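A short worksheet on the structure shown next.
Every value quoted in this text rests on a predicted model; they were computed, and no experiment measured them. Protein chains get the first letters and strands the later ones, always in sequence-line order, with residue 1 at the start of each.
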Amino acid sequence: MSATAKAGQIGRSLPRLEGRAKVTGRAEYIHNLRLPGMVHGKIFRSAVAHGRIRRVDTAAAKALSGVFAVVTSDDIRKVISNPYYGPAFHDQPILAIDKVRHVGEPVAVVLAEDPHVAEEAMRLIIAEYDELPAVTDEVEAMTSTVIVHDALKPAGIFPDLKHLEGRKGTNVALDFHLRRGDVKQAFAEATHVFEHTFRTQPVMHTPLEPMVSAAEPGDGTLTIHTASQSPSFVRMEVARLLGWPENRVRVKTAFLGGGFGAKLYIKLEALVAALALLARRPVKISLAMDEQFFTITKHPSTFRIKSAVDKDGRVTARECEVWWNGGAYADVGPRVTQKSGFTAAGPYDIDNVAIDSYALYTNRPPAGALRGFGIPQLVWAYESHTDMIARALGIDPVEFRRRNILRDGRPQATGTVMKDAAIDKVLDRLVQRLGWSRPFDRGQGSVKRGRGLAVGFKASIAPTTSVAILNLYADGSCGLYCSTVDMGQGSDTAMAQIAAEVLDIPAETVRVVHPDTDVTPYDMATLGSRSTYHMGHAVKRAAEDARVKIDALKADLGVPPGSNVPLAELFRRKYGMQAGNIVGVGSFVPSYASPDHDTGLTPNATPFWMVGGTGAEVEVDTETGHVRVARLINVADLGTPINPRIVETQLSGGAIMQLGFTMQERMEFADGQLLNPNLADYKIPGMRDLPARIESEAVDAVERGGPFGAKGVGETATFGVSPAIANAIDAAVGVRLTELPLTPEAVYRALRKAGR
Amino acid sequence: MSATRRIRFTLNGQAAAAEIGTHETLVEVLRDRFALFGARESCSQGLCGCCTVLVDGHAVSGCLFLAAAADGVKIQTIEGLASGERLDPVQEAFLECGAFQCGFCTPGFILMTRQLLDENPAPSEDEIRHYLSGNLCRCGAYPEIIEAVKLASHKVKSRTPGGAAP
Ligand code: FES
Ligand code: FES
């Protein structure tokens, strides 16, 4: 435990504060929200991947009894003249304008009091398109003559995207380049050169609470209730679209029924805002499960990786080329491209590195952040590649990793010197838990056994800001106001523990006020495992500020500083009755240095490093290609966990999600159409898909820059799962899969191809 | 879709009645007429278990169960599981094991577990995995859910007369 934690609130496995509400079914979600006078919106979506809109005929829909209105982009422009939004590019129209760019793109909306009527009317809308050729593959999009956007429209907020303004004739939304050392020379001098290409498939977050937003018009104001991970951004972006000051837009969230990156930035919020202003009454849109698949996905990717290795098995140079399939709208893809670009060469100490990372527009549903901001796609490639090299050189994969591992004090590819990144410790614990040096049962008959491991790391998204307010009420009780969204990761509980530690009170007595931009202060977003570190610092500072003010109040009243006069009594003495507040405020923004535009180098790429590794034992049925994961071990460096129990569930939960992306999930497209947008045909892991044994461990570590030694958790266990399993399959049966998912069919085909 | 009819049923132990559309599902009626939000529509296909309610003691997917068919039945939802402030042992076990993250799937898992333990008070881990395979948890709280079912099984045993002292 961190030496600075003394009150016993840190490192405490306190059950989630909202646990009782969740087991009694009473937890509040936007899903439940109903507003007086509300109408429901149902979205009519494009059936073609790329086309000019010739005509949208809404007459029959409008004529259906019970329909309040049918809205197209012409109507939207009456309330928002330039209705394009996005966090990195202002490229996404609220409803399609002139063109559609992916199957499932929103084209029109029916409003009705009865959602069934809205749905029936939606089916009466007819749209005609002049179909255009579509580009769907990320590598083809580099050179395709099919151009998804006529001109690039970067959002003004990111200075490093400004140079892309107005660029024409390209699908490249962002390219990130990193050059370190002399790659050419190192390859010329290499004893061995290895080159492989890996691919990942389109998948979807599928939060079980599908995306949902409602907007309520007021007197010159607008309140948006939304299942969002980024309420502060929603307010800023909706205010920008409307040309209003931020104080006229209010954004409220509740618990989220899962987020995983799906509910970030703008999803339905701009649409319901425009609809509510048009309708002059509250409008709610609740997506059906299938519609989520058209709204946001995880980037499919292609990664070409090439390594130079010397005679001692040291990697001397690495070349990485990564293409990210961002779909029709950039969303946060350019950030994924850049931030993941920092670490594409893996957690190895390599002197000469070249990285080229491209965000591509294609005619697929947009891709955004999904639990790892691109990192799981990269680790999939570089840790598969690592094992393939070790195998080819006849070096044990653990030994090969140890020869090359990146240690604290050494510069990483960007030139940033590693600190508090327990990569070696994570590897050591995996090796110990797997019993790597002990003999291993290789299986019998047609069932072969193998084991594998993989280690990945991630730079935090920087620089980002969090602000927190801590309010001590007249009776001495405490309210904590922060815009971190609890979507299941347990942030309410962790933040309460941090505040409680500083105030020396039990964490369960802290009331955490949920995001409401009229009430809770700014936070960049709940994403990228940033909250524990960033909001954790802000909360700690807010509580420290409150303590300073309590001491000032004591001094004011002539009470000695060390005395334990209760706060309520201090207030009574000060105000003569139960009255008053003490308000502590804290904010945090870490230091950061933008990478050099040409070399991608920076002395300060991230405030902290996330490190996660996975070990897997598998059984492969060589007759069917079926792979059974017998054991899945997740080890991570999380600094000092604030709440060890919640952290452990975060680790196993993240690994299970990634297990789905590894073994079974894939959005299937044919002729531009998505074939499986439902949980019947798109199978997410259930109880029977679980490994027989699943183990999670946080290594003993401290993040010296973090609040009470802590850092982020949510994404870490996703890093190593896919390559650990592919490596184990290779160890079992000697075939190498380079594309996800690792389905029985893929394994079977690989076995047959290898003549096994 | 305008045909309506009146249904009467028992809802969490109380007599209830509602004017419903014949196309409406049970989960809609519970939500829109009774402000019960514990059964939640997610997949709408009977595949995730988020909308689970007990009809005459049997778990059904409320998203597929037509409200018209609820005439004359006994319905129990997650909201009716605790007796006053006292949680059901299954709820207690889920709470103690931290068997959820976002909590969206939790009522469905708890009701399915309730039914499992009514049928089989001491299920093996295999039986638990098999029985709960129709409920999905995207947060992946499965290891804790399995632990909670085992704990609930102990709690139920020790609460039953003749079982070990609580
Ligand atoms: S919503 Fe009914 S089973 Fe999924
Ligand atoms: S706890 Fe989130 S879906 Fe189960």
Q: Please name the residue in the list A:Glu209, A:His31, A:Met289 that meets the side-chain contact (heavy atoms from CB on, under 4.5 Å) test with B:Ser42.
A: A:Met289
**Q.** Heavy-atom contact with chain A under 4.5 Å, split by part of B:Tyr131
**A.** neither
Q) Contact part of B:Thr106 toward chain A, heavy-atom cut-off under 4.5 Å: side chain, backbone, both or neither? A) side chain
Q: Give, as side chain, backbone, both or neither, the part of A:Pro210 having an atom under 4.5 angstrom from any heavy atom of chain B.
A: side chain
Q) Sequence neighbours excluded, which residues qualify as ring pair (Phe, Tyr, Trp, His ring centres under 6.0 Å) partners of B:Phe9? A) B:Phe34
Q.
Does any backbone or side-chain atom of A:Ala692 lie under 4.5 Å from a heavy atom of chain B? Answer side chain, backbone, both or neither.
A. backbone
**Q.** B:Cys97 vs A:Arg645, side-chain contact (heavy atoms from CB on, under 4.5 Å): CA-CA, chis, key distance, verdict
**A.** CA-CA 9 Å; B:Cys97 296; A:Arg645 177 74 181 159; 4.2 Å; yes
Q: Identify which part of A:Tyr29 has an atom lying under 4.5 Å from any heavy atom of chain B, answering side chain, backbone, both or neither.
A: side chain
Q: Without swapping roles, check the side chain of B:Arg138 against the backbone of A:Ile684 for a donor-acceptor pair under 3.5 Å.
A: no
Q: Pick one of side chain, backbone, both or neither for B:Leu81, based on which atoms fall under 4.5 Å of a heavy atom in chain A.
A: neither
**Q.** Option that, when pairs with chain B are counted at under 4.5 Å, heavy atom only, ranks first among A:Ser65, A:Gly259, A:Pro207, A:Gly19
**A.** A:Gly19
(Q) At under 4.5 Å between heavy atoms, what parts of residues 652-662 of chain A are in contact with chain B? List them by residue number. (A) A:Ser652, A:Gly653, A:Ile656, A:Met657, A:Phe661
(Q) Please classify the contact of A:Leu208 with chain B as side chain, backbone, both or neither, using a heavy-atom distance under 4.5 Å. (A) both
(Q) Does any part of the side chain of B:Pro107, heavy atoms only, come nearer than 4.5 Å to the side chain of A:Arg26, both counted from C-beta? (A) no
Q) Using a cut-off of under 4.5 Å for heavy-atom pairs, which of B:Ile145, B:Val90, B:Leu47 has the most such pairs with chain A? A) B:Leu47
Q) Does any heavy atom of chain B fall under 4.5 Å from the side chain of A:Pro677, the backbone, both, or neither of them? A) neither
**Q.** Structural part of A:Glu28 lying under 4.5 Å from a heavy atom of chain B
**A.** neither
Q.
Strictly below 4.0 Å, N to O, side chains only: are B:Glu144 and A:Arg16 in salt-bridge contact?
A. no
